[in-house]
Amino acid sequence: MKNVSFISLILGFASLVTACKSGINTQTKITSTTTEKLETRYKMLLDYPVDSMSMPRSMNVKTLEIRKVPSRDWTSGFFAGNLWQLYRLTGDSKYKEQAQKWTPFSKKESVNSNSHDVGFKVFCSFGEALKVENKKEYEAVIVKGAETLCTRFNPKVGSIRSWDFNKEIWDYPVIIDNMMNLELLFEASKISGNPKYRNVAIKHANTTLKNQFREDNSCYHVIDYNPTTGEVRKKTTLQGYNDDSVWARGQGWAVYGFTMSYRYTKDPAYLKQAEATANFFMTNKNLPEDGIPYWDFKDPSIPNAPRDVSAAMVMTSGLYELYTYTKNKNYLAFADKLMASVQTDNYILDTKIKAPFLFDHSTGNWPKHDEIDEPIIYADYYYLEALLRKSGKGTK
């Protein structure tokens with residue numbers, strides 16, 4: 001996309017939005033000034049020093065300290081992915097050149113069987129690279145990553161195991177986030193012709209569909225299974241306010257994950273669940289006027305609870321794809337609203353702050369008081385993906 005088209009795409013979201021609560025209460029709209037701020041922020045990604053042990057994850061806006069992580073961290077693939085996406089959006093070869101430098105750092109994660117986040121680490125980097133450069137070496141890493149991820153699959157449970165820690169609390173935890181790692185498996189089957197990866201993905205999605213959702217179509221964060229019998233032991237949370245609360249980003253993972261799974265399978269049950277959870281999110285009584293959710297819909301401190309731009313951007317990207325299958329204009333309008341909201345001074349990180357991030361006001365892990373109300377890398381990733389999907393250059 002030519003640069004002028006990129007600017008037009010951003011300005012195309014210009015509509016009056018009203019933010020509210022938790023310190024965000026300014027009525028504003030997208031202007032050429034805010035667009036220029038975003039472009040300034042994009043260019044800061046090029047200035048970030050290349051270092052395999054310093055992938056940017058988040059930032060404390062008070063101390064200006066950047067949280068840097070090695071490839072084993074679940075967020076490590078997003079920065080390379082952001083660079084690839086910016087290249088596709090702008091056509092500026094500088095983003096491609098930097099992406100080529102960062103992407104190989106995630107390669108070794110394709111053989112790391114100690115993590116269920118192989119999909120995030122490998123596909124958000126190598127998967128994005130493959131969309132630009134059709135290289136066999138990229139395909140090989142994706143297939144290897146899928147093979148590794150399958151080692152965490154228990155056929156009795158019908159799911160990929162999420163975490164290996166807290167064994168005194170749960171026996172076989174499966175989190176809603178794990179739906180996002182299925183794209184790696186689906187693509188690996190397409191690349192290799194081996195149906196094994198696709199079959200594991202479908203079994204995992206079906207088990208999640210059966211057990212992870214409440215009657216109101218919100219989802220639990222964690223389902224703990226008996227690995228011997230496959231029975232559900234308990235339905236709980238790690239990142240939500242409590243077991244019965246509604247963690248906002250989890251709802252985004254669900255809508256995105258089941259919409260993506262529908263893309264590969266055309267199973268109407270997946271589309272039905274994606275729509276049901278999307279409608280739950282969009283009509284929730286505790287959703288702020290500008291659509292950017294509080295980190296948990298049941299946090300008793302609302303309206304003074306932290307927001308989560310990352311949850312909004314995951315949902316936005318998912319809704320753009322959901323619209324392509326349903327043609328329900330409510331999804332398109334809501335996604336456009338969320339994009340209009342974040343592309344304002346309320347959420348764009350101040351350009352005086354020199355850091356490789358685009359947006360402020362995401363929440364990582366509230367129960368652990370970790371990454372609260374600050375820039376987080378995956379909010380930027382799903383925003384850029386949403387821009388691509390809106391432009392017609394995203395997932396078909």
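No experiment lies behind these values; they were computed from the predicted model shown. Keep in mind that the numbers below use all heavy atoms, side chains included, and drop hydrogens, waters and symmetry copies.
Atom CD of E168 is surrounded by more than 12 heavy atoms from other residues, nucleotides or ligands within 6.0 Å. More than 12 heavy atoms of other residues, nucleotides or ligands sit less than 6.0 Å from atom NZ of K135. Environment of CD in E137: crowded, with over 12 heavy atoms of neighbouring residues, nucleotides or ligands closer than 6.0 Å. Residue-environment remark: NZ (K266) exceeds the threshold of 12 foreign heavy atoms within 6.0 Å.
A single hydrophobic cluster is not seen to contain both V174 and L209; linkage of ILVMFWY side chains at heavy-atom distances under 4.5 Å, directly or through other members, places them apart. I160 and W163 sit in two unconnected hydrophobic clusters of ILVMFWY residues. Membership requires side-chain heavy atoms under 4.5 Å apart, directly or through other members. M44 and I377 fall into different hydrophobic clusters, defined by Ile, Leu, Val, Met, Phe, Trp and Tyr side-chain heavy atoms under 4.5 Å apart, directly or through other members. Grouping the Ile, Leu, Val, Met, Phe, Trp and Tyr side chains by contacts below 4.5 angstrom, directly or via other members, places F105 apart from V111. Hydrophobic clustering of Ile, Leu, Val, Met, Phe, Trp and Tyr side chains at less than 4.5 Å, counting indirect connections, keeps V157 apart from V222.
Judged by a 6.0 Å distance limit and a 45° cone about the ring axis, R161 is positioned over the six-membered ring of Y172. Cation-pi geometry between K190 and F186 is not satisfied (NZ or CZ under 6.0 Å from the ring centre, within 45° of the ring normal).
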Fill in: Worked verdict on Y347 versus D290 for side-chain hydrogen bond (donor to acceptor under 3.5 Å, both in side chains)
CA-CA 11 Å; Y347 297 101; D290 68 351; 2.5 Å; yes
Discussion item. Checking S162 against N178 for the side-chain hydrogen bond (donor to acceptor under 3.5 Å, both in side chains) test, could you report, in this order, the C-alpha distance in whole Å, the side-chain angles of both residues, the deciding distance, and whether it holds?
Written reply: CA-CA 7 Å; S162 294; N178 227 353; 3.2 Å; yes
Worksheet entry | Verdict with supporting geometry, I292 and V342, side chain to side chain contact (heavy atoms under 4.5 Å, CB included) | CA-CA 8 Å; I292 309 301; V342 297; 3.6 Å; yes
Worksheet item: What do the steps show when you test T259 against E321 for side-chain hydrogen bond (donor to acceptor under 3.5 Å, both in side chains), and what is the final call?
Response: CA-CA 7 Å; T259 303; E321 183 172 13; 5.9 Å; no
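Remark: aromatic rings of W366 and W247 are distant, center separation not under 6.0 Å. Aromatic pair W102/Y48: centroids less than 6.0 angstrom apart. In this structure, F79 has its ring center at least 6.0 angstrom away from the ring center of F357. For Y378 and W74, the ring centers are positioned less than 6.0 Å apart. For an aromatic pair to be called close, the ring centres must be under 6.0 Å apart, and F120 with W253 satisfies this. A ring-centre distance under 6.0 Å is found for Y382 and Y256. Ring centroids of Y42 and Y95 are separated by 6.0 Å or more, keeping the two rings apart.
With respect to R263 and E183, a salt bridge is recorded, a charged nitrogen being found less than 4.0 Å from a carboxylate O. A salt bridge links R67 to D370: one of the charged nitrogens lies within less than 4.0 Å of a carboxylate oxygen. Salt-bridge check for K37 with D345: passed, with a basic side-chain N closer than 4.0 Å to an acidic carboxylate O. Looking at D350 and R41, no side-chain N of the basic residue comes within less than 4.0 Å of a carboxylate O on the acidic one, giving no salt bridge. Between K94 and E97 there is no salt bridge, since no side-chain nitrogen of the basic residue lies less than 4.0 Å from a carboxylate oxygen of the acidic one. Of the charged side-chain nitrogens involved, at least one lies within less than 4.0 Å of a carboxylate oxygen, so that R233 and D171 count as a salt-bridged pair.
Counted by atom type alone, T103 and W84 present one or more donor-acceptor pairs between their side chains at under 3.5 Å. E385 and S317 form a side-chain donor-acceptor contact under 3.5 Å, judged by distance and modelled atom types alone. With no hydrogens or angles considered, a side-chain donor-acceptor pair links Y320 and D336 at under 3.5 Å. Of the N and O atoms on the side chains of N166 and W170, not one donor lies less than 3.5 Å from an acceptor on the other residue. Between the side chains of Y87 and Q98, no donor-acceptor pair is found at a separation under 3.5 Å. Side chains of T277 and N217: no donor on one and acceptor on the other come within 3.5 Å. E128 and Y381 form a side-chain donor-acceptor contact under 3.5 Å, judged by distance and modelled atom types alone.
For residues 241-251, the set of pairs meeting the salt bridge (charged side-chain N to carboxylate O under 4.0 Å, His left out) definition, not counting sequence neighbours, comprises R249-D308.
Counting only heavy atoms from C-beta outward, the side chains of N328 and L322 never approach each other to under 4.5 Å. No side-chain heavy atom of L332 sits less than 4.5 Å from a side-chain heavy atom of L319. Residues K68 and P56 are not in side-chain contact: their nearest non-hydrogen atoms beyond the backbone lie 4.5 Å or more apart. By the 4.5 Å heavy-atom criterion applied to side chains, M339 and M313 are counted as neighbours. Between T344 and I348 there is no side-chain heavy-atom pair separated by less than 4.5 Å. Using a 4.5 Å heavy-atom cutoff, the side chains of P293 and F281 are in contact. Using a 4.5 Å heavy-atom cutoff, the side chains of L89 and L388 are in contact. Within the 4.5 Å cutoff, no side-chain heavy atoms of K96 are placed close to those of L83.
Looking at every heavy atom in both residues, G77 comes nearest to S106 through CA-OG, 4.1 Å. In terms of heavy atoms, S76 sits closest to M55 at CB-SD, 3.3 Å. Here the closest heavy-atom approach between residue G291 and residue L338 is recorded as O-CD2, 3.1 Å.
Scanning for side-chain contact (heavy atoms from CB on, under 4.5 Å) contacts around K235 gives Y220, I223, V232, with sequence neighbours left out. By the ring-ring contact (aromatic ring centres under 6.0 Å, His included) test, Y225 pairs with no residue at all, sequence neighbours left out. Scored by the ring-ring contact (aromatic ring centres under 6.0 Å, His included) test, F359 finds Y383 as partners (sequence neighbours excluded). Listed by chain and residue number, Y325 satisfy the ring-ring contact (aromatic ring centres under 6.0 Å, His included) test with Y262 (two or more places apart in sequence, or in another chain).
No donor-acceptor pair closer than 3.5 Å links the side chain of D360 to the backbone N or O of L349. Using a distance-only test at 3.5 Å, with no hydrogens or angles considered, a donor-acceptor pair links the side chain of N181 to the main chain of H116. In this structure a side-chain-to-backbone donor-acceptor pair under 3.5 Å is missing from D73 to V69.
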Show me, pair by pair, the donor-acceptor contacts under 3.5 angstrom made by side chains of residues 138-147, not counting sequence neighbours?
{"from": "Y138", "atom 1": "OH", "to": "E133", "atom 2": "OE1", "distance (Å)": "2.8"}
{"from": "E147", "atom 1": "OE1", "to": "Y197", "atom 2": "OH", "distance (Å)": "2.6"}
{"from": "E147", "atom 1": "OE2", "to": "K196", "atom 2": "NZ", "distance (Å)": "2.7"}

